[in-house]
2 protein chains.
Amino acid sequence: MSETKEPWLGELLRLAEAEDPVKTVKQGKILEAAIEIFSEKGYAATSTSEIAQRAGVAEGTIFRHYKTKKDLLLSIAGPIAAKMVAPFLMREFAKIIDFPYNWVEDFFRSIAKDRLIFARQNAKLIKILLHEVPFHPELLEQLKGMLTHIVFHRIEKVVLHFQAQGQVIEAPPWRIMRSAASLFIGMIVTHVFLVPEHPFDEDEEVERTLDILMHGISPAGRNA
Amino acid sequence: MSETKEPWLGELLRLAEAEDPVKTVKQGKILEAAIEIFSEKGYAATSTSEIAQRAGVAEGTIFRHYKTKKDLLLSIAGPIAAKMVAPFLMREFAKIIDFPYNWVEDFFRSIAKDRLIFARQNAKLIKILLHEVPFHPELLEQLKGMLTHIVFHRIEKVVLHFQAQGQVIEAPPWRIMRSAASLFIGMIVTHVFLVPEHPFDEDEEVERTLDILMHGISPAGRNA
DNA sequence: AGAAAATGTGAGTGATTACTCACTTTCATA
DNA sequence: TATGAAAGTGAGTAATCACTCACATTTTCT
């Protein structure tokens with residue numbers, strides 16, 4: 001199985017090198033405008049002429065940098081997909097020997113806080129990605145590949161590690177992962193997308209959600 | 001505040017009467033085709049000519065029944081939004097005096113099972129609704145109104161009821177509700193949308209998810 | 001400075017879009 | 001069976017779409 005053929009791998013390598021392929025000022029304006037309008041009206045309902053207008057650029061300039069409108073979308077959605085899973089690429093996830101967390105709670109807390117901040121900083125991009133992913137097979141495969149190969153497999157090892165230590169109930173790791181993901185995604189979606197105007201204590205929110213999760217997946221206080 | 005002005009109320013009343021406004025065979029074909037293609041490619045990327053083609057109907061026939069393309073969308077998305085919250089309209093939710101559930105667990109179980117089955121039977125419609133809701137203000141307001149006035153307020157009373165009985169930890173009801181919703185939606189999304197091909201034991205899944213939720217929100221086994 | 005390359009422009013193109021309308025067919029009822 | 005209404009049709013329409021291309025401007029390199 002040659003990993004070099006996976007399209008998302010190149011995405012991640014480029015991300016690791018922090019290589020920014022944006023060359024000119026106007027190209028930057030085009031990207032900004034596209035992100036803005038795509039997140040407002042959706043990709044299919046956005047016209048290239050409107051993007052050009054908001055970017056203060058001639059319509060032809062868009063196609064100088066991006067072969068097609070879809071190419072423009074992918075240059076936006078691809079990187080954000082990579083950045084979403086990027087923190088799970090950390091070396092420590094592979095070898096749990098020198099794992100930096102002694103407690104599951106600390107592990108989940110650091111992920112929850114980090115991804116909450118990330119979501120707030122990249123709300124528009126995430127909205128675009130989630131919205132378009134079901135309709136573009138390449139995007140779907142890219143995201144699926146990242147999630148299964150990077151996120152799922154790595155966190156599964158972590159969960160097994162903590163299960164062996166008795167910190168997590170005996171259950172299929174995917175159920176533990178799904179529970180944690182559900183609770184944290186529910187928290188993030190609420191504050192970032194549903195009621196972003198409502199202020200909240202970030203630490204308190206994470207802590208209370210974490211509390212419910214930990215009581216849900218800890219052996220402590222169970223009779224079995 | 002005159003409730004008769006709320007657009008979603010009419011939706012729900014019509015639903016209660018089980019009134020089906022579809023008059024002709026061809027209109028039914030149009031709806032079927034539209035649901036199919038909208039869920040495949042999204043509303044904006046679907047052309048009326050394609051809908052007519054798949055429905056085996058002349059394009060003009062669509063506009064005989066629906067003034068505009070958007071009108072067709074709303075006639076699909078509106079009813080499914082109403083059906084999503086319909087079970088929470090049950091009388092029992094209002095007066096918790098003669099409440100049919102003695103245990104929170106039973107309450108959440110019945111909701112989870114019912115909505116899981118509902119989601120499987122209406123996957124395409126739900127996909128269309130969730131997809132288009134952010135881009136159509138009328139739809140957004142309709143759904144928001146339903147969720148806050150019907151679902152949120154009613155379930156809040158139920159949670160307070162069980163908190164008073166000591167079955168649920170002392171916490172803002174919305175946090176309890178969000179936790180339950182997150183876990184169940186996570187389960188439903190997984191099985192209905194992410195990996196629908198993967199078979200699973202429905203009861204077992206609900207029971208295990210419920211187990212994690214209950215340990216998360218029960219006072220039992222806590223030291224506080 | 002001068003040549004070559006990269007970037008930017010906007011009028012122009014054929015295809016497609018949602019929607020109309022004059023007309024035909026089907027249906028309900030008296 | 002006659003008649004008006006409802007349902008169905010498909011060619012036609014103006015607008016908009018993504019995209020091209022010959023040309024202008026700026027940047028880069030020698």
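Proteins get letters first, then strands, A, B, ... in listed order; numbering begins at 1 in each.
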Heavy atoms under 4.0 Å, any strand shown: does A:T61 hit a base, just sugar-phosphate, or nothing? base
Between C1' of D:dC17 and NZ of A:K41, the distance in whole Å: 13 Å
Considering only side-chain heavy atoms of A:K23, which listed nucleotide, D:dA18, C:dC19, C:dT7, is closest? C:dT7
What is the distance from CD of B:Q53 to P of D:dT9, rounded to the nearest Å? 14 Å
Side-chain atoms of A:R64 come closest, of D:dC19, C:dG8, C:dT20, to C:dG8
Winner on side-chain proximity to A:E59, out of C:dC19, D:dC19, C:dT9, is D:dC19
Between A:I51 (CD1) and D:dT16 (P), how many Å, whole number? 17 Å
Rounded distance in Å - NZ (A:K70) to P (D:dC19): 11 Å
Do B:F88 and B:I111 come close enough that some side-chain heavy atom pair is under 4.5 Å? yes
Short side-chain N/O contact to D:dA18 OP1/OP2 from A:K67, under 4.0 Å: no
I need the CD-P distance between A:Q27 and C:dA6, as an integer number of Å. 14 Å
Phosphate oxygens OP1/OP2 of C:dT17: is one of them under 4.0 Å from a side-chain N or O of B:S47? yes
In whole Å, what is the span from the CG atom of A:L72 to the P atom of D:dC19? 10 Å
Just say parallel, tilted or perpendicular for the rings of A:F184 and A:F108, cut-offs at 30° and 60°. tilted
Send over the distance from A:I62 CD1 to D:dC21 C1', rounded to a whole Å. 16 Å
For B:H65 and D:dG8, is the shortest distance between a side-chain N/O and OP1 or OP2 below 4.0 Å? yes
Checking side chain to side chain donor-acceptor pair (under 3.5 Å) for the pair A:E59/A:T48: CA distance, chi angles, key distance, verdict? CA-CA 7 Å; A:E59 203 173 344; A:T48 50; 2.8 Å; yes
By nearest heavy atom, map A:G60 and A:S49 onto DNA chain D; which one lands nearer the 5' end? A:S49
Rounded to the nearest 0.5 Å, what separates atom CD1 in B:I62 from atom NZ in B:K26? 11.5 Å
Distance check: side-chain N/O of B:K26 vs OP1/OP2 of D:dG8, anything under 4.0 Å? no
Using whole Å, what does the distance between atom P of nucleotide D:dC17 and atom OH of A:Y43 come to? 13 Å
Out of C:dT9, D:dT20, C:dT17, minimum distance to the side chain of A:A58 belongs to C:dT9
Check whether any side-chain nitrogen or oxygen of A:T24 sits under 4.0 Å from OP1 or OP2 of C:dG8, and answer yes or no. yes
Would you call the rings of A:F107 and A:Y101 parallel, tilted or perpendicular if under 30° counts as parallel and over 60° as perpendicular? perpendicular
